[in-house]
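Residue numbers run from 1 in the order of the sequence given. We use all heavy atoms of the structure for the numbers below, so side chains are in, but hydrogens, waters and symmetry mates are not.
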Amino acid sequence: MRVVQALRDQVITTIAELAPEAGRLLLAVSGGPDSVVLLRLLLDGPYRLEVAHFDHALRPESGEDAQFVKELCQQHKLPFHCERVEVAKVAKAKGWNLEDAARRLRYDFLTRTAKQLAADAIVTGHTQDDQAETVLMQLLRGAAFLRGIPKRHRQIIRPLLAVSRRQVLDYLGLVKQPYRQDVSNLDSSRTRAWLRSEILPRLEGRYPYLKQQLARHANLQRDQEAHFTSAAENLLTVDGVEIERLLKVDAALQRQVLSLLLVRAGFAADMARVETIREHLQDKKPFRLSLTERYFVRIAYGSLSIVEAKTAEILLPEASELPAELDAAKVKVFSELVYRHRLPGDRIRLAAGSKKISDLLIDRKVPREERDRLRVLASGREVLWVEGVAADVRVAKKRQDDDFYWMRQALTLAQEAADRGELPVGAVVVKEGKLIGSGANLSEVTNDPSAHAEMQALRQAAQELGDWRLDACTLYVTLEPCPMCFGAILQAHLPRLVYGAVNKREGALGGVTDLREANWKRAFEVREGVLAKESSRLLSRFFEQRRGK
């Protein structure tokens with residue numbers, strides 16, 4: 001009986017490695033040879049054992065399996081826990097694949113039972129043969145990594161993965177232990193059964209150590225997956241991934257980023273789907289790939305994300321809660337307010353005048369797929385607010401007044417620059433009514449051509465926030481930005497710019513040229529002409545003084 005003792009020692013040692021603190025184990029016992037061996041091997045071990053059996057109700061004899069396991073537990077004085085679920089009915093109702101439904105429901109039962117019993121680990125009887133079959137199935141499905149079955153996944157441990165089914169059957173023969181046979185395992189119309197009964201035996205005829213080699217390969221693939229997953233996580237954001245960053249890494253890491261993005265959203269990361277997405281990463285036009293009727297992958301405006309399709313319109317008889325950007329007192333003068341989606345011909349009144357909603361969404365680079373999902377607040381055909389995009393100047397909170405206040409702060413800095421002999425330009429960055437960055441021209445003092453007021457203010461704001469992305473911030477500057485500062489504004493993800501005087505020498509927003517007309521992946525709102533006369537007057541005095549010298 002040395003073989004029996006050696007196998008028992010091997011399994012107990014493996015459990016100690018996988019769950020070193022475990023004392024109480026919940027054994028998942030189906031009645032088949034693998035799980036029955038697991039139970040027998042642990043009978044005299046150092047653990048407190050509980051047995052769980054899940055009846056899938058997929059075969060007429062499934063009740064006999066449950067009875068067999070119950071009697072086996074009674075024979076060895078082990079606690080027995082059982083649950084019966086008609087898996088086929090649940091799968092049909094949920095729209096799940098039958099095999100997937102069986103797995104989900106079984107592990108749900110095991111997890112619940114382990115929690116109720118305060119078990120330290122759930123132990124299943126997966127063997128080396130199961131591992132080999134799983135690796136081959138993953139290969140046939142086109143999985144990104146052929147990682148097989150892990151030895152441990154959360155609370156679940158699998159101490160028989162190094163044990164072959166031949167060893168299992170030999171052990172049961174030696175101890176004369178009966179077991180149940182699931183006849184569905186002989187049905188070669190099922191992929192796993194086909195691999196087990198027809199494919200693996202033929203492969204082993206030429207490669208006797210095939211199962212061991214597949215198990216070794218799975219271990220290597222899991223290590224590689226862990227490495228690539230760690231690198232991929234650094235590229236992913238909550239919203240998806242930036243195309244520019246993705247294109248800078250090699251193809252292998254690109255595949256892992258895309259696989260991780262899909263899996264986290266609950267979709268299969270098969271290679272055909274991943275490669276289709278990769279082929280379109282450099283498309284100039286937006287691209288979309290349907291995942292289901294409800295979700296799709298979208299590549300547009302420099303980013304890749306998984307997006308939910310348009311939801312049904314929500315019409316409300318009145319505005320029970322106004323958007324935070326609107327002044328309730330000003331909104332009251334409008335009647336029959338409703339939340340709805342945009343309609344053809346809708347317009348909104350902005351500081352620069354009336355504008356079509358359709359044109360506004362294009363200007364703000366709102367992806368086409370999202371435009372019809374945005375809510376608008378309207379009074380008849382007058383749109384007062386577009387979700388996340390703009391508010392009618394007549395009902396917006398006092399941001400317009402704030403613009404004059406902060407521009408005066410920028411003018412003070414511009415005057416200080418003039419006093420130092422610098423071009424009189426000042427800038428401040430504001431977030432949620434708080435000053436977080438300020439600057440004035442320093443090019444003469446520092447001999448630095450990049451030391452413009454905007455650059456000083458943006459750097460200071462980024463340091464204050466601890467983030468180079470200046471989301472929800474506004475930059476106020478007394479003079480229209482030059483091309484260099486325009487680029488910095490784009491790079492900082494700044495959503496809004498307010499400037500005073502037109503820059504007729506280097507202006508990048510219309511003074512010389514309008515760089516906004518190019519197809520940048522981001523856009524920002526611009527308000528021009530705030531305290532323009534004061535800004536221009538300061539510049540004129542500066543140049544007059546210089547000419548007088």
Side-chain angles (χ1 to χ4, degrees), residues 1-57 59 61-85 106-130 151-152 155-183 185:
M1 288 293 218
R2 274 190 238 170
V3 173
V4 172
Q5 188 59 46
L7 188 56
R8 178 181 288 115
D9 292 344
Q10 177 185 340
V11 171
I12 290 176
T13 299
T14 303
I15 292 175
E17 293 171 352
L18 297 176
E21 304 298 325
R24 184 189 298 272
L25 303 179
L26 179 65
L27 309 185
V29 181
S30 66
D34 303 338
S35 60
V36 170
V37 157
L38 185 63
L39 184 151
R40 287 296 305 262
L41 289 171
L42 295 177
L43 281 177
D44 299 323
Y47 301 104
R48 296 188 300 279
L49 304 180
E50 305 268 355
V51 175
H53 176 84
F54 185 73
D55 184 352
H56 300 80
R59 297 175 291 110
E61 64 273 18
S62 67
E64 298 174 15
D65 294 343
Q67 184 61 30
F68 170 82
V69 177
K70 181 179 180 180
E71 291 174 1
L72 184 62
C73 290
Q74 290 172 342
Q75 177 186 347
H76 296 286
K77 298 181 172 54
L78 296 175
F80 174 68
H81 310 275
C82 182
E83 182 170 283
R84 175 184 171 88
V85 175
R106 179 172 65 253
Y107 280 111
D108 175 68
F109 160 65
L110 292 173
T111 303
R112 283 188 285 105
T113 305
K115 185 175 181 179
Q116 292 167 3
L117 299 172
D120 300 304
I122 299 167
V123 191
T124 68
H126 293 92
T127 65
Q128 192 177 76
D129 293 58
D130 295 310
K151 292 180 181 178
R152 175 163 189 161
Q155 197 179 5
I156 301 164
I157 61 175
R158 302 176 175 99
L160 296 183
L161 282 179
V163 177
S164 71
R165 188 163 289 121
R166 184 70 266 161
Q167 288 176 283
V168 166
L169 296 176
D170 289 345
Y171 173 89
L172 292 174
L174 284 171
V175 299
K176 297 181 171 50
Q177 171 64 56
Y179 55 87
R180 298 287 295 177
Q181 188 64 264
D182 184 347
V183 294
N185 289 334

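Contact of the Leu78 side chain with the Leu27 side chain is not registered, since no non-hydrogen atoms from C-beta on lie closer than 4.5 Å. A 4.5 Å side-chain heavy-atom check between Val11 and Arg8 finds every atom pair outside the cut-off. Side chains of Leu72 and Gln177 form a contact here, defined as non-hydrogen atoms less than 4.5 Å apart.
Between the CD1 atom in Ile157 and the CZ atom in Arg152 there is a gap of 6.5 Å [rounded to 0.5 Å]. Taking CZ of Arg180 as the start and OG of Ser35 as the end, the distance is 12.0 Å to the nearest 0.5 Å. To the nearest 0.5 Å, atom CG of residue Asp55 and atom CD of residue Glu64 are 11.0 Å apart. Taking OG1 of Thr111 as the start and CD of Gln116 as the end, the distance is 11.0 Å to the nearest 0.5 Å. Considering NZ of Lys115 and CG of Leu110, their distance stands at 15.0 Å, rounded to 0.5 Å. The structure places CG of Asp9 at 10.5 Å from OG1 of Thr14, a figure rounded to the nearest 0.5 Å.
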Legend entry - Intermediate values then yes/no, side chain to side chain contact (heavy atoms under 4.5 Å, CB included), Val36 and Phe68: CA-CA 11 Å; Val36 170; Phe68 170 82; 4.0 Å; yes
Legend entry - side chain to side chain contact (heavy atoms under 4.5 Å, CB included) between Lys70 and His53, worked out: CA-CA 9 Å; Lys70 181 179 180 180; His53 176 84; over 6 Å; no
Inset, instruction - Evaluate the criterion side chain to side chain contact (heavy atoms under 4.5 Å, CB included) for residue pair His76 and Leu49; output intermediate values, then yes/no. - result: CA-CA 11 Å; His76 296 286; Leu49 304 180; over 6 Å; no
Legend entry - Criterion side chain to side chain contact (heavy atoms under 4.5 Å, CB included) on Thr127 and Val37, from CA distance to verdict: CA-CA 11 Å; Thr127 65; Val37 157; over 6 Å; no
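Across every non-hydrogen atom of Pro159 and Val123, the tightest pair is CD-CG1, 3.5 Å. Contact record, Gln128 with Ala162: NE2-O, 3.8 Å, taken as the closest heavy-atom pair. The two atoms that bring Leu38 and Gly125 nearest to each other are CD2-N, 4.0 Å, heavy atoms only. Contact detail for Ala119 and Gln155: the closest heavy-atom pair is O-NE2, 3.0 Å. Closest of all the heavy-atom pairs between Arg84 and Ser62 is NH1-OG, 3.6 Å. Smallest separation of non-hydrogen atoms from Tyr107 and His126: OH-CE1, 3.6 Å.
Pairs of residues two or more places apart, or lying in two chains, that qualify as salt bridge (charged side-chain N to carboxylate O under 4.0 Å, His left out) and include a residue from residues 25-47 are Asp34-Arg165.
With no hydrogens or angles considered, no side-chain donor-acceptor pair links Glu71 and Gln75 at under 3.5 Å.
A donor-acceptor pair is defined here as one N or O able to donate and one able to accept, closer than 3.5 Å; no such pair exists between the side chain of Gln74 and the backbone of Phe80. In this structure, the side chain of Gln167 engages the main chain of Ser164 through a donor-acceptor pair within 3.5 Å.
With Phe54 as the fixed residue, the side-chain contact (heavy atoms from CB on, under 4.5 Å) test singles out one of Val85, Thr113, Val29: Val85. With respect to Leu7, the side-chain contact (heavy atoms from CB on, under 4.5 Å) criterion is satisfied by exactly one of Leu160, Leu41, Ile12, Val168: Leu41.
The pair Asp65-Arg59 meets the salt-bridge criterion, with a side-chain N (NZ, NE, NH1 or NH2) lying under 4.0 Å from an Asp/Glu carboxylate O. Ion pairing between Arg112 and Glu83 holds under the 4.0 Å rule for side-chain N and carboxylate O.
Looking at residues two or more places apart in sequence or on another chain, you find a side-chain contact (heavy atoms from CB on, under 4.5 Å) between Gln181 and Tyr179, Asn185.
Taking a 6.0 Å sphere around CD of Glu21, one finds it holds 12 or fewer heavy atoms contributed by other residues, nucleotides or ligands.
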